[in-house]
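Following: one structure in structure tokens, then a few remarks.
All of these numbers come straight from a predicted model, not from anything done at the bench. Count residues from 1 along the sequence.
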Amino acid sequence: MKQVYTHMDFTHVGHFQSVLEGEGIQTTVRNKNASGVMGEIPFTEVWPELWVLNDSDEEKAQTIIKEFNSSSKSRTAAWTCPKCDSEVDEGFSECWNCGNPAN
Ligand SMILES: [Zn+2]
């Protein structure tokens, strides 16, 4: 197992988990319920973590996350969801209809 991503906000970690699993990469999330236990453990040590189950998927996973981060910053135009063909307004990184991330 290799850790490929961590973020204090679980929604970011969960988002990349679904992106990677959509690419056929098996993943698991550690510290999923980390938020809400502040006080007992130092906060930075309980961030949710995204791991790939197979070490051989690590490079591919890192590439996907990197490309997604760089493309989402520059994305401003409206786009068409490749999954359900809905028109998605500019500024949205996920399909309003089916939740498919822009890519
Ligand atoms: Zn869609």
Open item on the list: Return the CG to CD distance between Asp89 and Glu87, rounded to the nearest 0.5 Å.
Closed with: 8.5 Å

TODO: Using modelled atom types only, decide if a donor and an acceptor are shared between the side chain of Glu21 and the backbone of Thr27 within a distance under 3.5 Å.
DONE: yes

Which side-chain N or O atoms in residues 2-16 pair as donor and acceptor under 3.5 Å with protein atoms at least two apart or in another chain?
from: Thr6; atom 1: OG1; to: Pro48; atom 2: O; distance (Å): 2.8
from: His7; atom 1: ND1; to: Asp9; atom 2: N; distance (Å): 2.9
from: Asp9; atom 1: OD1; to: Thr11; atom 2: N; distance (Å): 3.0
from: Asp9; atom 1: OD1; to: Thr11; atom 2: OG1; distance (Å): 2.8
from: Asp9; atom 1: OD2; to: Thr11; atom 2: OG1; distance (Å): 3.1
from: His15; atom 1: ND1; to: Glu94; atom 2: OE2; distance (Å): 2.9

Open item on the list: Is the shortest side-chain heavy-atom distance between Asn100 and Cys84 below 4.5 Å?
Closed with: no

Task: side chain to side chain donor-acceptor pair (under 3.5 Å) against Gln26, all qualifying residues, sequence neighbours excluded - done: none

TODO: Could you tell me whether the side chain of Cys95 reaches within less than 4.5 Å of the side chain of Trp79, counting heavy atoms only?
DONE: yes

TODO: Would you give the length of the straight line joining atom CE of Met1 to atom OG1 of Thr28, rounded to the nearest 0.5 angstrom?
DONE: 6.0 Å

- [ ] Any chance you could lay out the side chain to side chain contact (heavy atoms under 4.5 Å, CB included) test for Val88 and Trp96, step after step, and finish with the verdict?
- [x] CA-CA 7 Å; Val88 184; Trp96 57 270; 4.0 Å; yes

Open item on the list: Taking side chain to side chain donor-acceptor pair (under 3.5 Å) as the cut-off, I'd like each qualifying pair that reaches into residues 51-63, sequence neighbours left out, listed once.
Closed with: Glu49-Trp51

